[in-house]
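Below is one structure, written out as structure tokens; the observations come after it.
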Number of protein chains: 2
Amino acid sequence: MVRMNPDDRREAIIAATLAVMQRQGIAATTVRDVATELGASSGLIHHYMTSMDELIAAAFERSAGADLLTTSNLVEQGQDPLEQLRFFFDSYTRSDGDSGMQLWLDAWAEAARRPELRQISQRLNKAWQQLICSIIEGGVRAGLMTCLDPVAAAWRILSLLDGLHLQEVAHSDSVTGAQVTKWSRRGAEIELGLPLGTLTEREPS
Amino acid sequence: MVRMNPDDRREAIIAATLAVMQRQGIAATTVRDVATELGASSGLIHHYMTSMDELIAAAFERSAGADLLTTSNLVEQGQDPLEQLRFFFDSYTRSDGDSGMQLWLDAWAEAARRPELRQISQRLNKAWQQLICSIIEGGVRAGLMTCLDPVAAAWRILSLLDGLHLQEVAHSDSVTGAQVTKWSRRGAEIELGLPLGTLTEREPS
DNA sequence: GGGATTATTGGACATTTGCGCAATAGCGTC
DNA sequence: GACGCTATTGCGCAAATGTCCAATAATCCC
């Protein structure tokens, strides 16, 4: 194995871990699998990570954190709260395609037994909720949305999305991706008092 | 160990498995733990179950199926769709108390790798959705609820509940049990065009 | 009471896991 | 070019896991 700068090596290990996690799930990810993916020895992983828990937490944070950042940046480019909300749904629904949602399922389940992972998933979920919450607050201020309790509404929109995605990932033929897209947007329209179609109809370009 | 009738023994094994699963989670449940819980040898478990997968699936079905039946029976006793919906929320929110929700989290995550478990969780989730759906259809027929798409609305109400519960179980200090109760009912009120408080206010007895 | 049936035992076995450690080898410095 | 630092190796270890099986003992039937 080529000798690497510690920082780069650490990144490479995290990337390899993420690849294995996406392929096999968090629970089935082992040090040896990561080493094979990396093309290195298993001892090397422990030279950079003190425990399996830390390794998994770091990889999950990298992946889920990047998704959040992508969506967050896209939302910022929305001209008004309604467009921001549309961008949010576009981005959130897309990021699911590459099985990122199975990682979240694993993370939530493993949170009970892996403290470091738990901390990260909690922090990221709160950040997602806050992102939605700020969009709603903007929308209410601008008179575009109706909402008595933006904090609760944001948790509901996030939980609805997660709950629907969960069905899609765990039981693919119960709920399809198209239904998740349609139903979650319709749910947000109802939640925020928006006219039917506000979030689903594409405006002509 | 007392020699038992095969049917009773099978039940005892399932009960013991369930106890271990609730204590440690599905992923951390081992044959030896179940044997200890049962006060018997590990070989006995394999005399009744051909594989670990079957054992776990059977125990999960017992637990989750019983919860569904309890709620279903309670809903049936509601005099009108609104009361049925209130009973539904009462029952669904209560059953969560004894960490039944962590089992669901594990089941959804493990579904990707355990075919038998996946089949059961899918079937039960569909049944939950149908239970809600029939309440909504009754409510619309009676002119008590407003809903253009009961199938979608039922999936939304179920997913919202699951998504909120998920946060409570995985990250207990993000969302509390009281908030799950309040926010999910408020969500259903909005979804079904019910006046604020319809599902939350207790009518004087 | 004796024999057949089978519930139950308890350990063997191969595999896998996370982790540690002494040895090796690549890189920078003088 | 020699030396020191450390990235990297690769095996060893103990613990845990699912599965299997020959031996044992309890129950039932005649």
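Numbers restart at 1 for each chain; the letters A, B, ... are given by sequence-line order, proteins then strands.
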Residues 46-83 of chain A vs ring pair (Phe, Tyr, Trp, His ring centres under 6.0 Å), sequence neighbours excluded, gives Phe60(A)-Trp104(A)
In short, side chain to side chain donor-acceptor pair (under 3.5 Å) pairs touching residues 57-66 of chain B with sequence neighbours left out are Glu11(B)-Arg62(B), Glu61(B)-Arg123(B)
With [X] via side-chain contact (heavy atoms from CB on, under 4.5 Å) - residues at least two apart:
X	result
Gln122(B)	His171(A), Asp173(A), Ser174(A), Arg118(B), Lys126(B)
Asp7(B)	Asn5(B)
Thr70(B)	Ser91(B)
Glu137(A)	Cys133(A), Arg141(A), Pro150(A)

Residues passing the salt bridge (Lys or Arg N to Asp or Glu O under 4.0 Å) test with Asp162(B), sequence neighbours excluded, are none
Between Trp108(B) and the options Val169(A), Asp106(A), Leu105(A), the side chain to side chain contact (heavy atoms under 4.5 Å, CB included) test singles out Leu105(A)
Please output the side-chain donor-acceptor pairs of residues 35-44 of chain A that fall under 3.5 Å, not counting sequence neighbours, one pair per line with the distance.
residue, atom, partner, partner atom, Å
Thr36(A), OG1, Arg32(A), O, 3.0
Glu37(A), OE1, Arg23(A), NH2, 2.4

Taken in chain and number order and not counting sequence neighbours, the residues that satisfy side-chain hydrogen bond (donor to acceptor under 3.5 Å, both in side chains) with Trp155(A) are none
Within residues 31-50 of chain B, those residues having any heavy atom closer than 4.0 Å to DNA chain C are Arg32(B), Ala40(B), Ser41(B), Ser42(B), Gly43(B), Leu44(B), His47(B), Tyr48(B)
Please tabulate the protein-to-nucleotide N/O contacts below 3.5 Å involving nucleotides 23-26 of chain C, giving atom names and distances.
residue, atom, partner, partner atom, Å
dG26(C), N2, Arg3(A), NH1, 3.2
dG26(C), N2, Arg3(A), NH2, 2.9
dG26(C), N3, Arg3(A), NH1, 2.9

5'-most to 3'-most nt of DNA chain D touching chain A (<4.0 Å, heavy-atom partner on protein side) reads dT6(D) to dG12(D)
Between CD of Gln24(A) and P of dT16(C) the distance, given in whole Å, is 13 Å
